[in-house]
Amino acid sequence: MKIVRNCVLAVKLIFQYAFRHGLLYVLVCLIPGFFGGIRVILVQKLVDRGLVLAGTGQGLEMMAVTGTLLVTVLFFWFVLERLQGYEDKLLEIRLIGSMAPDIMEKLNGIEYSAFEQKEIQMILQRIGGEPWQNVKSCFSASVCTVQALLSVFFLLGVYASLSPWIGMGIFLVAVPMVFLNFAATRRLQAVISGTTPQMRRIEDLKRLFQDRNAMYEMKIFGSQEWIAGKWDMAASGIETEISRAGRKVLALEGGSKMLNITYFVFMIVAMTYLFLQERVTVGQYAAVIGSLSTVIGQIQNASWNVTNTFKNALDMEYYREFLAIPARRDRRNVDTLSHGDIVFENVSFSYPGSDREVLKNVTFRIKAGEKVAFVGENGAGKSTIVKLLCGLYEPDAGRVMMGGVDIRDLSQHKLRSLLGYVPQKAVLFSGDIASNLKFGGTWQDGASDITDSSMEEAARIAQATEFIESKTEKYHSEISQGGTNVSGGQKQRLSIARAIAKSPKIYLFDDSFSALDYKTDVTLRRALREKTGDATVIIVAQRISTILNADRIIVLDDGKIAGMGTHRELLRECEAYREIARSQLSEAELKGGATV
């Protein structure tokens, strides 16, 4: 029942997103299903009319018509089979374009915290990042199964028209053949699925040879034998599983082959008997004997397609689970703010699945235009504050307010338009430098509302202009997915420039300067101060040197506020801050700030 339900869902989605291409695919798949039987009929008529023509000299015209029809059928059979592959590709492309917006909307509607749940992660991994592929594969497998079964049963009908006993005999042989082939292919696919983890492990080991840093590590630590042992262990596991299953597959396929031989012997004996009894013509005899291999091929094809449909329908279940992921309880419809202040009001928070409170009754206010920094040991809750402010999580207790509005009530579009976020680990997307810098703008018809001049100014402030201009294509230089073709510092500067180009009201820098050298860091922060002007700036920092000039520094310790004030004030009054400062600043720098 699950298989049928998922196949129906795939067909429904195909006709929802790509009606014309889906309909054409069905037609070019199903129509050839009749051609095998039609060919048998036309060959039979062609041979019989040829014998009449040879004996009487009459019937040339009818023979020419039959021959023309046969050539036409074979021509269209060839054309439609080629069109099937063409339409399959067009269907996939159409699905990508049509489904992607709805899939992104679905992902956007899922609570960010849900992505950390193991069940959700498994669903997203199973759909392979390309859910349209699951839909298309299930649909095409279903249509091909119907086509194969249609072809087999139409041929059986043609044979039964010659003699009901032949039709019944073939049916009794064909059904076990289908089930034996089905069982064999199912077993093979089970072996493939069972060995997938080991195969992935081998692929991971292969990638080691493409990773220069991994090769350095192996050479330095002399771990080649250990890696070879892991490789051998994975390969041995695959070999054992294949050997165990191979005997069963051989037995099943052997039984199918014996039925193939039985089928051939039965058809030859039966047709010869009918011919000698003058109950079939020479044309019928020749057409049926000549089509025996076609029937065998169609039966095996039907077995494979049924198995493939089962597999793809089960994969389709993952997409059904994806659609069933609950959406965010969205009451966010406020689009106006009375002011620009940010308030955390008695906020406590624990990450989903964890009993540890990351933030404990945290309260503070950041005034519009204020430059505020958060410092603290690892795990103190600094980045968590940024995530709550972005609306990625909701507090367990208390409220996060922006402009007098609880951000849970603030529309997502409004919230995102206010923020310019630079994460700890910079992420770049495939495209070019320009598309990455304009990423935060509003896109319409493939164009961002961020102008080239704003983009170039942002690059200049982020100290990225020099390395961009040194490239041949400049702002149109290619960026690979993840930014693997640029250095860590360049990636960080582009990420900072992306936030600046948006000209947001609130800048969020989550330990965003750690990948920069000291000189670039100082120059960038000086230029950034001029650019941000009246905007609110929130910096999460590990290095105190990056926040010395902040209007206010908030010190977090074990999820609580341990101190709040300027650099000088905290050196005097906050022991936690003094400990961090002593570990990073020289004695002269400490004395320059205040007396400890």
Side-chain angles (χ1 to χ4, degrees), residues 339-349 357-389 398-403 422 424 505-514 516 518 521-596:
H339 52 78
D341 291 2
I342 296 169
V343 177
F344 273 56
E345 189 177 275
N346 301 317
V347 171
S348 296
F349 176 75
E357 270 196 320
V358 182
L359 296 178
K360 305 168 185 176
N361 200 35
V362 171
T363 299
F364 61 83
R365 174 185 288 270
I366 299 175
K367 295 181 180 179
E370 195 174 7
K371 306 325 186 243
V372 176
F374 289 88
V375 296
E377 299 293 338
N378 290 333
K382 306 183 296 295
S383 295
T384 301
I385 284 177
V386 173
K387 291 175 181 177
L388 290 174
L389 188 55
R399 295 188 298 172
V400 179
M401 311 280 286
M402 187 178 292
V422 185
Q424 283 179 308
K505 298 291 184 183
I506 301 169
Y507 289 88
L508 302 172
F509 297 99
D510 188 359
D511 194 19
S512 308
F513 306 104
S514 57
L516 305 178
Y518 183 76
D521 184 7
V522 172
T523 308
L524 190 154
R525 283 188 286 111
R526 186 183 299 118
L528 192 59
R529 272 197 303 274
E530 298 173 2
K531 170 65 178 177
T532 53
D534 296 333
T536 303
V537 178
I538 297 174
I539 301 174
V540 171
Q542 295 286 350
R543 296 191 308 205
I544 286 182
S545 60
T546 63
I547 58 169
L548 293 176
N549 297 317
D551 297 333
R552 196 151 43 109
I553 300 171
I554 299 176
V555 184
L556 292 174
D557 185 20
D558 193 27
K560 299 177 182 177
I561 293 180
M564 192 182 306
T566 63
H567 171 67
R568 291 174 178 272
E569 291 169 348
L570 289 171
L571 282 174
R572 289 194 302 267
E573 302 166 6
C574 180
E575 179 61 30
Y577 186 79
R578 280 199 297 270
E579 289 181 7
I580 297 171
R582 284 197 188 104
S583 67
Q584 296 184 19
L585 303 178
S586 65
E587 194 66 30
E589 289 173 314
L590 289 171
K591 290 180 179 179
T595 303
V596 180

Hey, mind stepping through L388 and L359 against side-chain contact (heavy atoms from CB on, under 4.5 Å) and telling me if it holds?
-> CA-CA 11 Å; L388 290 174; L359 296 178; 3.5 Å; yes
Atom [atom1] in [X], atom [atom2] in [Y]: separation rounded to 0.5 Å?
X	Y	atom1	atom2	result
R568	I553	CZ	CD1	11.5 Å
R399	E345	CZ	CD	4.5 Å
T566	R572	OG1	CZ	6.5 Å

Which of these, V400, I561, I366, sits in a side chain to side chain contact (heavy atoms under 4.5 Å, CB included) with F344?
-> V400
Out of I554, V540, L556, which one pairs with I385 under the side chain to side chain contact (heavy atoms under 4.5 Å, CB included) rule?
-> L556
Go through D551 and K367 one step at a time and tell me if the side-chain contact (heavy atoms from CB on, under 4.5 Å) criterion holds.
-> CA-CA 10 Å; D551 297 333; K367 295 181 180 179; over 6 Å; no
Heavy-atom closest pair, residues [X] and [Y]:
X	Y	value
D341	A368	OD1-N, 3.0 Å
M402	L389	CE-CD1, 3.6 Å
V555	A576	CG1-CB, 4.2 Å
A562	C574	O-SG, 3.7 Å

Can you check side-chain hydrogen bond (donor to acceptor under 3.5 Å, both in side chains) on T363 and N346, steps first, answer last?
-> CA-CA 5 Å; T363 299; N346 301 317; 3.1 Å; yes
Salt-bridge present (K387, D510; N to O < 4.0 Å) | no
Could R578 and E575 be called an ion pair, given the rule that one side-chain N must be under 4.0 Å from one carboxylate O?
->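 So R578 pairs with E575 through a salt bridge.
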Salt bridge (Lys or Arg N to Asp or Glu O under 4.0 Å): pairs with one or both residues in residues 369-378, sequence neighbours excluded | E370-R552
More than 12 foreign heavy atoms under 6.0 Å from NZ of K505: is that the case here?
->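 12 or below, so no.
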Does the ring centre of F374 sit less than 6.0 Å away from the ring centre of F364?
-> yes
Flag, side chain of K382 to backbone of G376, donor-acceptor distance under 3.5 Å =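 Answer holds: yes.
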I538 side chain reached by I342 side chain, heavy atoms, under 4.5 Å |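 Side chain of I342 against side chain of I538, heavy atoms only: contact under 4.5 Å found.
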Could you tell me which residues satisfy side-chain hydrogen bond (donor to acceptor under 3.5 Å, both in side chains) with T536, sequence neighbours excluded, listed by chain and number?
->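 side-chain hydrogen bond (donor to acceptor under 3.5 Å, both in side chains) list for T536, sorted by chain: empty.
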